[in-house]
There are 2 protein chains.
Amino acid sequence: MNILLIEDELRVADFVRRGLKAEGWVVEHAGDGETGLAIMQDRDFDVIILDLMLPGISGQQVCQKMRARANTTPVLMLTALDSTDERVAGLRVGADDYLPKPFDFDELIARIQALHRRMTGYGNEDSNGKYQHHGLIYDSAAMVLTVDGIVVDLSAKERELISILMASKNKALSRERILNSVWGTHEDPMTNVVDVYIGRLRKKLGPYGGLITTVRGAGYRFG
Amino acid sequence: MNILLIEDELRVADFVRRGLKAEGWVVEHAGDGETGLAIMQDRDFDVIILDLMLPGISGQQVCQKMRARANTTPVLMLTALDSTDERVAGLRVGADDYLPKPFDFDELIARIQALHRRMTGYGNEDSNGKYQHHGLIYDSAAMVLTVDGIVVDLSAKERELISILMASKNKALSRERILNSVWGTHEDPMTNVVDVYIGRLRKKLGPYGGLITTVRGAGYRFG
DNA sequence: AAGACCATGAACATCCTATTGATTGAAGAC
DNA sequence: GTCTTCAATCAATAGGATGTTCATGGTCTT
């Protein structure tokens, strides 16, 4: 599961990020609405967690803008106030659910899953968190990669990497974005970890290794 | 026996939770209907205890929705009012039994057992409270683990652990989640109790010990 | 052909997990 | 009330898996 968290308070953001990562999910964090909107255009997410109170443009505006761009990713709004007005306003601009702060962590997780399920259409429980491309299946719930029916062991970083790659099918991802998403670092552009891991993944994908294309001067693309 | 308790009043929830745990059952708690519905899709329960008065969607709606999803888990409804109307309405949306608050704890237990018995009486006997994976059978009603026909003694924690593991077959569970579910604690991430218990379980499972896979950097997975 | 960019293997450091034994705590027997 | 017993927890360690860097050689572009 790929999640975009738009939240300016670093303490909250860090707390949420940590917890969601423990669930095995990949979390991207944006400190304000503009950044969030920019990231959305580069990657597809399963759920967007959106704080209502943001510096610059408000959470509501973010929601409105992304909907205007025909982005239908489910949005879970966070707000400090438990006011019905805000809730209604949030839902009106296109949020899908709402959670008042402070919240219980389990509830956050449950709601994210509920949202995701609701949007992907429940009934087909099996398709949950599964990315498939021909004989290549990554089940993010089980954290298992299957290559032509054979289970392949992946390390934690490899799992996160293939997760964002497959979630961003047919989109080029820059090394910086991958670094930020998987390694959670903003600096240190002198490392080549991404390259190394892409190499390892390609090898583990066997016949499907070629699906990860190098976009020279830009990054990598899956699919 | 795995029980899902959907109840918003924390005092009641805590009271019930404690009591059912004392029976040796594993209790999962959801504070509202949405959360409850979400949890149901991740795990199979033997009985669902559902409060009628809930914030957000009502208990009746919860029941209706889960039945619409072809979930046939027996539901015991709790309500503050002893009104026939409510009872009828509850049964109409698919509840299996009904208990007015305040209730006697023994009665609650008796009804849960009755429900469970009734449901396992006709229909799919195997799927209720019994988890099976080849020669490995855990009967949560009898609290008995059988390995290739030989009964193996388990401690309370070991039972709860294998119970959630088998109920979450093929899903990776983080230590945090296991801790929360079996030990009921949110903090203290510096402990390694989970590791220790996983180790003990593996040993007791004998030839099936390998079914508990370590997902390095993430947690454990059964199946 | 030169420069930039990328792939890969190997070496090393680090982190994670399994396991063991000791300690604590609770329940029941006497 | 004390003792016994066993479950539950803690703490320490070793071993292995993973993460990271670096150096080298390959490939693409202009």
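Throughout, a chain's letter reflects where its sequence line sits, starting with A, and its residues are numbered from 1. Here the structure is a predicted model, which is why all the values come from computation and not from measurement.
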Using whole Å, what does the distance between atom [atom2] of nucleotide [N] and atom [atom1] of [X] come to?
{"X": "A/Glu158", "N": "D/dG19", "atom1": "CD", "atom2": "P", "result": "7 Å"}
{"X": "B/Leu179", "N": "D/dC10", "atom1": "CG", "atom2": "C1'", "result": "14 Å"}
{"X": "A/Ile198", "N": "D/dT27", "atom1": "CD1", "atom2": "P", "result": "19 Å"}
{"X": "A/Leu201", "N": "D/dG19", "atom1": "CG", "atom2": "C1'", "result": "14 Å"}
{"X": "A/Ile178", "N": "D/dG19", "atom1": "CD1", "atom2": "C1'", "result": "17 Å"}
{"X": "B/Met190", "N": "C/dC16", "atom1": "CE", "atom2": "P", "result": "10 Å"}
{"X": "B/Asp153", "N": "D/dA8", "atom1": "CG", "atom2": "P", "result": "12 Å"}
{"X": "B/Asp195", "N": "C/dC15", "atom1": "CG", "atom2": "P", "result": "17 Å"}

Below 4.0 angstrom from OP1 or OP2 of [N], is there any side-chain N or O of [X]?
{"X": "B/Thr191", "N": "D/dC10", "result": "yes"}
{"X": "A/Ser155", "N": "D/dG19", "result": "yes"}
{"X": "B/Arg216", "N": "C/dT17", "result": "no"}
{"X": "B/Tyr220", "N": "C/dA18", "result": "yes"}
{"X": "B/Arg175", "N": "C/dT17", "result": "yes"}
{"X": "B/Lys203", "N": "C/dT19", "result": "no"}
{"X": "B/Trp183", "N": "D/dA8", "result": "no"}
{"X": "A/Thr214", "N": "C/dC5", "result": "no"}

Side-chain H-bond candidate by donor/acceptor type, B/Arg175 with B/Tyr220, under 3.5 Å =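 Result is yes, a qualifying pair exists.
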Before accepting this row, confirm whether a basic side-chain N of the pair B/Arg17/B/Glu7 lies closer than 4.0 Å to the acidic partner's carboxylate O.
->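 The answer is no: the pair does not qualify as a salt bridge.
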Residue pair B/Leu145 / B/Leu205, side-chain heavy-atom distance below 4.5 Å =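 Touching, per the 4.5 Å side-chain cut-off.
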Derivation and outcome, side chain to side chain donor-acceptor pair (under 3.5 Å), residues A/Ser140 and A/Arg159 | CA-CA 8 Å; A/Ser140 61; A/Arg159 286 194 301 262; over 6 Å; no
Within the modelled atom types, does a donor on one side and an acceptor on the other bring the side chain of B/Arg202 and the base of C/dT17 under 3.5 Å apart?
->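 Counting by modelled atom types and ignoring angles, no donor-acceptor contact under 3.5 Å is found here.
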Report the residue (A/Lys157 or A/Asn192) whose heavy-atom-nearest nucleotide on DNA chain D is the more 5′ of the two.
->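 In this pair, the answer is A/Lys157.
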B/Ala156 or A/Val193, whichever maps to the more 5' nucleotide of DNA chain D |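 The 5'-side residue here is B/Ala156.
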So does A/Lys204 have more than 12 non-hydrogen atoms from other groups sitting under 6.0 Å from NZ?
->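 Enclosed.
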